[in-house]
Number of protein chains: 2
Amino acid sequence: METRIEKIKQQLQSQGYKLTPQREATVRVLLENEQDHLSAEDVFMLVKDKAPEIGLATVYRTLELLSELHVLEKMNFGDGVARYDLRDDNSRHHHHHLICVQCGAVDEIMEDWLGPFEERLEQEFYFQVLDHRLDFQGICYRCSDRGKPDSLNKSH
Amino acid sequence: METRIEKIKQQLQSQGYKLTPQREATVRVLLENEQDHLSAEDVFMLVKDKAPEIGLATVYRTLELLSELHVLEKMNFGDGVARYDLRDDNSRHHHHHLICVQCGAVDEIMEDWLGPFEERLEQEFYFQVLDHRLDFQGICYRCSDRGKPDSLNKSH
DNA sequence: TTCCCTGCAAAGGTTTTGCAATTAA
DNA sequence: TTAATTGCAAAACCTTTGCAGGGAA
């Protein structure tokens, strides 16, 4: 945790930005809720416990800045608000998502299934892939009363 | 074209809705720009030629209604506006998209690459797949000065 | 000092809603 | 007839921006 904050601090400083108390509080909220795909409003509510004086605009600016630094992934699941996801700094692409249409849960699959297709895209479609996004909508294990599958614990 | 409108008319009527002139004009615009992923504003501009008196709210309401009937797919590519895509009524899932980060073009891949993964999801992740979404971001053939690949003409 | 950063309030852009009038079935 | 539908304007939302004050190097 601390080392991850330290790393983010360095990323900020290397671009001339500062890790202010507000930014640090925001990052901590994101780290503590890493699985959750929080919206800006969600982050704002949570970060107010740590830094009650913070303004919503600051949260938006921080999330925007961290997205530009590729610390975060800004995402849109179609419910009208942007959501943010901490990025594994070693993985080139984002995770795949399992979105439950019943309870709204979003689980992540940490494997990358798309490598072979990206090769095909370059060769057959003349398309140079920089990133991808793969989401599945359906019914999650909670809503069909099955235990948590091992597969979802693999990488976290 | 006419038979597709007739079919949509029947879908509407079976749920107690009417195919008004405004709705028909909107559907025609969507059919004529099937490859284009139009925003509500785009549709509004185009539909005004056919029905100049139409209001933007009516376009929004029509798009929302058609999405509920699964005639359209409401989609969000992250630029702050919803975009709409006619749905093949015989295909269970949406298309895959190639989104160019340079010129903004969105091409479609008509094949479904994900069947084998969906089986894995049900078995290993206890996730019952209803739909999916696969988008690639990168540089399209136009922006890298290559001809249009045959692969993009396959199914249309 | 100097530049970055903040909170607040105002503005921006997209989408939804209330309402009285109109219209398709 | 009558329930659905429309256009307009206002409202609701999420997000961004302008600005004056504050703070770290």
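Naming: A, B, ... by sequence-line order, numbering from 1 per chain.
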| task | State plainly whether the residues A:Lys18 and A:Glu24 are in salt-bridge range, i.e. N to O under 4.0 Å. | result | no
| request: Could you please name the option among C:dT6, C:dA24, C:dT16 that lies closest to any side-chain atom of B:Pro21? | output: C:dA24
| field | Close side-chain approach of A:Phe136 and B:Leu121, heavy atoms under 4.5 Å | value | yes
| query | Quick one: salt bridge (Lys or Arg N to Asp or Glu O under 4.0 Å) partners of A:Lys74, sequence neighbours excluded? | reply | A:Glu64
| field | With sequence neighbours excluded, residues passing salt bridge (Lys or Arg N to Asp or Glu O under 4.0 Å) with B:Lys148 | value | none
| query | Does a side-chain N or O from A:Arg23 land closer than 4.0 Å to OP1 or OP2 of C:dT6, or not? | reply | yes
| request: For A:Thr62 and for B:Gln13, locate the closest nucleotide of DNA chain C by heavy-atom distance; then report the residue assigned to the nucleotide nearer the 5' terminus. | output: A:Thr62
| Atom pair distance, as rounded to whole Å: CD in A:Glu24 and P in C:dT6 | 12 Å
| field | Closest-nucleotide 5' rank along DNA chain C - winner of A:Thr58 and B:Tyr60 | value | A:Thr58
| A:Gln102: which of A:Cys140, A:Ser144, A:Cys143 passes side-chain contact (heavy atoms from CB on, under 4.5 Å) | A:Cys143
| said: Quick check: closest heavy atoms across A:Gly147 and B:Tyr126, and the distance to 0.1 Å? | reply: O-CD1, 3.2 Å
| remark: Going by chain and number, the hydrophobic cluster around B:Phe77 (ILVMFWY, side chain to side chain under 4.5 Å) further includes B:Met75, B:Ile99, B:Val106
| query | Which of these nucleotides, C:dA24, C:dT6, D:dT15, is closest to any side-chain atom of B:Lys18? | reply | C:dA24
| Hey, can you pull the residues of residues 47-55 of chain B with a non-hydrogen atom under 4.0 angstrom from DNA chain D? | B:Glu53, B:Ile54, B:Gly55
| remark: With five pairs defining each end axis, the helix from C:dT1-D:dA25 to C:dA25-D:dT1 comes out bent, to 10°, by 30°
| Would you say the side chain of A:Arg28 lies within less than 4.5 Å of the side chain of A:Ile5, judging by non-hydrogen atoms? | yes
| If only side-chain N and O atoms of A:Gln22 are considered, is one of them under 4.0 Å from the OP1 or OP2 phosphate oxygen of C:dG7? | yes
For nucleotides 17-22 of chain C, list the nitrogen or oxygen atoms of the protein found under 3.5 Å from its nitrogen or oxygen atoms, one pair per line.
| unit_1 | atom_1 | unit_2 | atom_2 | d |
| --- | --- | --- | --- | --- |
| C:dG18 | O6 | B:Arg61 | NH1 | 3.4 |

| task | Compare side-chain N and O positions of B:Thr20 against OP1 and OP2 of D:dT6 and report whether any pair is under 4.0 Å apart. | result | yes
| query | Without hydrogens or angle criteria, can the side chains of A:His70 and A:Gln11 be said to hold a donor-acceptor pair below 3.5 Å? | reply | no
